[in-house]
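Read the structure below first, then the notes.
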Amino acid sequence: MTDAAKKPPTRETHLSKTYAPVEVEARRYEQWVADGRFKAADDSDREPYCVVIPPPNVTGQLHLGHALNHTIIDAAVRRERMRGKEALFLPGTDHAGISTQNVVERQLADKEGVSRHDLGREVFVERVWEWKDTYHERISSQMKKIGDGVDWSRERFTLDDGLSNAVQTIFKRLYDEGLIYRAERIINWCPRCMTALSDIEVEHQDDAGELVSMRYGAGEDSIVVATTRLETMLGDTAVAVHPDDERYRHLVGTTVELPFTGRRIPIVADAHVDPEFGTGAVKVTPAHDPNDFAIGQRHGLDSILIMDERGVITAHGPFEGLDRFEARSAIAAALRAEGRIVAEQRPYMHAVGHCDRCDTVVEPRLSKQWFLKVERLAKAAGDAVRNGETKIYPPEMEKRYFSWVDNLLDWCISRQLWWGHRIPIWYGPNGEELCVGPGEEAPEGYTQDPDVLDTWFSSGLWPFSTLGWPDETPALEKFYPTATLITAYDIIMFWVVRMMMFGTFAMGRAPFKEVYLHGLIRDKHGKKMSKSSGNGIDPLEVVDTYGADALRFMLARDAQPGSDNTASIELAEISRNFCNKLWNGTRFALMSGATVDGGLPSEPSLIDRWILSRLSRTVEAVDAFLDDYEYAKAMDALYHFAWDDVFDWYLELTKPVLAEGGAAADGTRRVLGHVFDQLLRLLHPVIPFITEELWLELTGGEERGESLTVAAWPRPAGGDDEAERLVAALQHLVVEVRRFRDGQGVKPSQAVAASLTGLDAAGLADQEPLIRSLVRLDAPAEGFEPTAELAVSDQVSVALDTSGAIDVAAERARLTKALKAAEKELDGTTGKLGNEAFLAKAPDAVVDKIRARKATAEADIARVTAQLERLA
RNA sequence: GGGUGCUUAGCUCAGCGGUAGAGCGCUGCCCUUACAAGGCAGAUGUCACUGGUUCGAACCCAGUAGCGCCCA
């Protein structure tokens with residue numbers, strides 16, 4: 001035998017002693033992009049797998065919620081790429097109309113002291129584009145840092161030419177089908193953003209206001225109404241009561257004088273009035289309240305706007321020029337002076353709508369706006385899920401989806417902004433209205449509607465506009481409908497429903513086969529993370545400190561369908577530790593001569609069979625979990641396989657074998673190489689950087705232009721029950737001996753003479769040298785006199801000479817405890833088996849199991865009792 | 001007010017009808033040349049409460065309380 005065959009070949013590695021992510025990550029990402037690893041082809045024969053990114057706001061920055069979202073998407077796409085699909089993670093950003101315009105306006109005001117009106121529309125929009133270009137770079141670099149494997153050549157922006165064309169195209173189609181119309185309605189108006197909002201851009205918060213009851217008119221014919229928005233009384237055009245309300249029946253049809261205005265307003269009967277609320281009489285302000293508007297329509301009442309677009313009172317009279325909240329107090333004072341205030345309830349908690357962009361109290365306001373008629377579109381969007389065309393994960397989220405799609409009201413799509421897609425409607429000199437499609441021109445003398453469309457109108461087209469629609473592009477042909485949409489559940493109504501509506505309308509097919517809705521990120525106290533509450537964790541800081549892989553692993557190992565994620569910096573540290581363990585485990589395997597050359601041995605040893613079986617079971621589990629978006633469970637399975645099976649046991653078990661050298665060592669080195677090869681593949685979708693670095697080192701594939709990004713995803717090779725059973729017995733034996741040694745205060749490094757009996761019967765005879773090596777048991781020398789005997793199982797026992805007095809008390813305490821546990825088990829099982837009803841009704845399998853447990857308990861009691869007696 | 005979800009070890013969460021689990025934290029021992037960002041061993045629970053169904057309930061049903069989310 002040559003020296004080379006005898007000694008395990010060790011390998012030089014240039015892997016550092018601890019894992020240094022920052023150095024590895026930037027280099028790897030650049031290489032992947034340079035090698036086109038994330039580029040998808042439109043013309044391949046591979047099955048398509050496409051996920052479009054939920055477009056972040058182009059002028060924003062990524063927070064942990066994005067990091068979670070991107071991790072899940074990226075892991076899904078990377079896995080499918082490894083499974084041989086034509087995988088496309090399609091990136092892009094949206095223009096975020098209101099918030100971007102707000103930010104730029106604020107900056108102009110602060111730095112230059114000018115408003116957008118000073119600059120004019122054209123110049124202002126140019127300035128926003130400059131702003132966009134600057135911030136776009138920030139988003140892209142953040143995505144690169146967290147490892148998003150996107151096809152950068154396909155990146156889109158909601159305001160780019162192609163997507164603008166898509167917006168104009170669908171607008172025209174919807175308009176021509178009568179699904180887009182202009183109407184005067186009560187809409188949500190933000191007096192600060194000075195634009196209309198859709199219903200879902202209004203956030204309701206419970207605010208402490210006041211409920212004021214006041215008397216209109218005087219004497220017999222007077223009536224008391226209550227309101228939280230006192231200032232709107234200037235626009236009242238009626239008082240309404242329920243038609244069956246006896247208290248007011250005599251007043252219906254009469255009029256009452258409205259204070260300050262000199263107007264007489266009618267008292268009308270309307271069945272929608274709740275006679276239980278307040279006095280049962282309500283003031284009616286059709287121009288400033290949706291319910292009042294409906295009453296106004298039914299009774300032919302006037303609508304009087306009393307404020308301008310900034311919320312300043314315009315009604316003639318003493319309150320003109322006051323802000324709406326100043327007017328509220330001024331009117332209260334004036335009413336009080338006239339003795340009209342009947343009651344005041346303060347504080348009065350009630351839901352108040354706020355602008356979700358700037359938190360200003362929203363003013364319901366009569367206004368002429370463009371609307372999308374949603375009934376038909378929403379029906380199709382709902383049906384796509386009902387008939388299984390699109391499957392929602394987790395299924396509980398369907399309820400949330402249906403509750404939106406089935407109760408949708410017409411969508412106000414016009415915004416009084418300059419940053420966005422301008423509405424393609426032109427008005428003629430004689431009041432003509434013309435919708436201009438792509439490539440068409442409005443006639444001379446026409447002027448375009450000044451408003452732009454809601455940002456969500458363009459993001460609703462995202463799954464097909466980004467693939468080239470309305471052109472029939474190869475990309476659209478290949479990748480639509482996309483495989484899955486992955487996004488947080490709080491965006492169902494904003495985005496998911498709208499893409500489903502537009503997708504079914506424009507394409508005739510729903511845009512996704514599956515929708516996976518993940519949770520939100522909260523801090524460790526369960527609070528939603530936000531900048532304002534100061535509990536936000538910046539994902540880029542985590543990347544700089546612990547690495548992108550640690551960030552991704554942290555997020556993925558906590559991602560359970562249907563529940564929110566808790567994040568804290570400690571969790572990132574735990575994940576970093578896992579990466580470091582993986583690094584060192586692989587480094588050790590390499591130094592031990594792990595190799596992927598030569599294939600697996602034809603007759604693997606018991607421990608090799610065992611780890612291959614564990615590997616196969618792990619592959620099966622991981623696949624099943626990932627197919628159901630069970631990331632937390634998949635990560636848990638991998639974590640335990642890696643750390644418990646591979647690092648804690650297998651590496652230790654191979655040490656003596658490899659030190660011995662020879663044919664056995666040669667086989668083990670190949671199994672070792674295979675196990676790490678497969679483990680790194682399994683982990684790659686979630687922690688791509690470190691796995692790529694290690695895998696290339698293991699396989700030497702870099703010179704051959706290989707990459708883990710396109711390596712084949714593992715397949716289960718089959719379990720080995722016998723090997724698992726035998727190694728479990730071996731582990732049990734090892735743990736028992738260690739526990740005994742520990743209890744006796746024997747140092748781990750101290751060798752102890754011992755004889756082992758019964759290994760044959762346990763099927764572990766061949767493993768004796770391995771066992772001795774693991775727990776430092778020397779062969780008994782001549783004149784061996786054991787001082788203690790350990791009954792490890794029915795079959796195996798270990799006699800040891802601990803070279804000194806046995807700590808009888810410690811051992812007795814331990815055995816007594818074991819005895820008590822066994823007795824409790826015996827009691828429980830005996831009780832069950834003595835129960836006629838249990839024997840009669842429980843399934844046979846359960847009864848058998850209880851019988852087996854009883855037998856085990858009895859054997860344990862006998863064994864432990866004997867040992868206790870021997871100790872005495 | 002209407003929906004909806006949650007309550008399991010100190011913390012974050014799995015388990016969802018047949019021996020209560022994981023990670024972190026905690027205790028003791030160990031710098032055993034892969035890793036102290038580590039190793040070995042160990043302790044830890046009236047599974048929110050009250051009833052019910054069942055041979056058997058953390059798990060199913062009903063109610064109560066607390067917390068959260070969505071919508072008005």
Side-chain angles (χ1 to χ4, degrees), chain A residues 13 15-19 199-200 202-204 206 274 277 290-291 350-351 353 396-397 399-400 403-404 407 489-490 492-493 519-520 522-528 546 550 554 557-558 560 562-568 570-571 573-592 630 632-633 635-637 639-640 643-644 647-648 651-652 655 734-751 774-776 814 817 821 824-825 828-829 831-843 845-847 849-850 852-854 856-857:
Chain A
T13 81
L15 300 180
S16 58
K17 196 174 165 186
T18 51
Y19 173 52
D199 295 341
I200 57 176
V202 177
E203 266 187 57
H204 292 272
D206 272 342
D274 175 8
F277 181 80
N291 295 321
H350 64 132
E396 304 89 85
M397 284 291 171
K399 269 186 278 183
R400 213 167 164 122
S403 78
W404 272 104
N407 297 296
Y489 63 73
D490 63 343
I492 293 175
M493 66 288 191
L520 311 174
R522 299 180 184 281
D523 69 11
K524 63 177 178 180
H525 305 292
K527 280 193 148 173
K528 202 166 163 174
Y546 297 114
M554 163 182 94
R557 67 169 285 163
D558 225 15
Q560 300 151 33
S563 53
D564 291 343
N565 264 31
T566 307
S568 68
E570 295 90 72
L571 292 173
E573 199 177 318
I574 291 162
S575 299
R576 185 274 312 264
N577 292 354
F578 176 70
C579 291
N580 190 238
K581 185 73 179 177
L582 178 67
W583 181 264
N584 277 296
T586 310
R587 200 162 64 93
F588 175 71
L590 287 170
M591 291 191 293
S592 305
E630 294 270 13
K633 287 177 184 164
M635 290 310 105
D636 194 57
Y639 184 94
H640 286 291
W643 208 309
D644 300 350
F647 304 142
D648 282 350
L651 288 184
E652 294 305 320
K655 279 178 184 173
V734 166
V735 169
E736 283 297 311
V737 174
R738 279 177 182 161
R739 185 193 282 162
F740 178 80
R741 291 179 53 126
D742 195 60
Q744 292 301 312
V746 177
K747 302 255 187 236
S749 50
Q750 187 187 333
L774 279 175
V775 285
R776 309 245 164 153
R814 192 182 72 74
K817 199 177 159 196
K824 192 180 165 201
E825 176 75 352
T829 48
K832 280 201 171 186
L833 293 169
N835 182 344
E836 293 295 330
F838 173 73
L839 293 175
K841 297 191 177 179
V846 173
V847 177
K849 210 169 156 187
I850 300 290
R853 275 170 52 195
K854 188 185 172 198
T856 304

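As a basis for the values below, the full set of heavy atoms in this structure was taken, side chains included, without hydrogen atoms, waters or symmetry mates. As the structure is a prediction and not an experimental result, all values here were calculated from the model. By convention in this document, chain letters (A, B, ...) are assigned in the order of the sequence lines, proteins followed by strands, and residues within each chain are numbered from 1.
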If you measure from the [atom1] atom in [N] to the same atom in [M], how many Å do you get, rounded?
| N | M | atom1 | result |
| --- | --- | --- | --- |
| B:rU32 | B:rC40 | P | 14 Å |
| B:rU46 | B:rG42 | C1' | 24 Å |
| B:rG2 | B:rC49 | C1' | 26 Å |
| B:rU27 | B:rC35 | C1' | 23 Å |
| B:rG56 | B:rA20 | C1' | 16 Å |
| B:rU19 | B:rU4 | C1' | 35 Å |
| B:rG38 | B:rA43 | P | 22 Å |
| B:rC70 | B:rA14 | C1' | 26 Å |

| Plane angle bin for A:Y639 and A:W643 - parallel if under 30°, tilted between 30 and 60°, otherwise perpendicular |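 Answer is tilted, since the angle falls between 30° and 60°.
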
Does the side chain of [X] get closer than 4.0 angstrom to OP1 or OP2 of [N] through an N or O atom?
| X | N | answer |
| --- | --- | --- |
| A:R739 | B:rA41 | no |
| A:K399 | B:rU4 | no |
| A:K633 | B:rC13 | no |
| A:R741 | B:rC40 | no |
| A:S563 | B:rA14 | yes |

| On RNA chain B, nearest-nucleotide positions of A:D206 versus A:D558: which is more 5'? | A:D558

Just checking [X]: base, sugar-phosphate only, or nothing, at a heavy-atom cut-off of under 4.0 Å?
| X | answer |
| --- | --- |
| A:K824 | nothing |
| A:R738 | sugar-phosphate |
| A:D648 | sugar-phosphate |
| A:K849 | nothing |
| A:E825 | base |
| A:L839 | nothing |
| A:N580 | base |
| A:S403 | nothing |

From [atom1] of [X] over to [atom2] of [N], roughly how many Å is that when rounded to an integer?
| X | N | atom1 | atom2 | result |
| --- | --- | --- | --- | --- |
| A:R776 | B:rC40 | CZ | C1' | 12 Å |
| A:N584 | B:rC35 | CG | C1' | 4 Å |
| A:K817 | B:rG42 | NZ | P | 9 Å |
| A:D274 | B:rG2 | CG | P | 14 Å |
| A:F578 | B:rA34 | CZ | C1' | 15 Å |
| A:K17 | B:rC35 | NZ | P | 5 Å |
| A:W404 | B:rG3 | CH2 | P | 17 Å |
| A:K747 | B:rG39 | NZ | C1' | 15 Å |

| task | Drop me the distance from A:R587's CZ to A:S592's OG, to the nearest 0.5 angstrom. | result | 11.0 Å

| query | Does A:E652 get its side chain close enough to the base of B:rA34, under 3.5 Å, for a donor-acceptor pair? | reply |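 Counting by modelled atom types and ignoring angles, a donor-acceptor contact under 3.5 Å is found here.
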
| Where the side chain of A:N580 meets the backbone of A:R576, is there a donor-acceptor pair that is under 3.5 Å apart? |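 No.
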
| Check: A:V775 main-chain N/O paired with A:R741 side-chain donor or acceptor under 3.5 Å | yes

| query | Considering only side-chain heavy atoms of A:N577, which listed nucleotide, B:rG38, B:rU12, B:rG18, is closest? | reply | B:rG38

| request: Anything below 3.5 Å on both distances counts as a pair; with that, list the stems of at least three consecutive Watson-Crick or G-U pairs involving RNA chain B. | output: B:1-7 with B:65-71, B:10-13 with B:21-24, B:26-30 with B:38-42, B:48-52 with B:60-64

| task | Find out whether the Lys NZ or Arg CZ of A:K655 is both under 6.0 angstrom from the six-membered ring centre of A:F588 and within 45° of the ring's axis. | result |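 Yes, cation above the ring, under 6.0 Å and within 45°.
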
List, with names and distances, any nitrogen or oxygen atoms from the protein found under 3.5 Å away from nitrogen or oxygen atoms belonging to nucleotides 7-10 of chain B.
none

Strictly under 3.5 Å: I want the nitrogen or oxygen pairs between protein and nucleotides 20-26 of chain B, one per line.
from	atom 1	to	atom 2	distance (Å)
B:rA22	O2'	A:H640	NE2	3.1
B:rG23	O3'	A:Y639	OH	3.4
B:rG23	O2'	A:R557	NH2	3.4

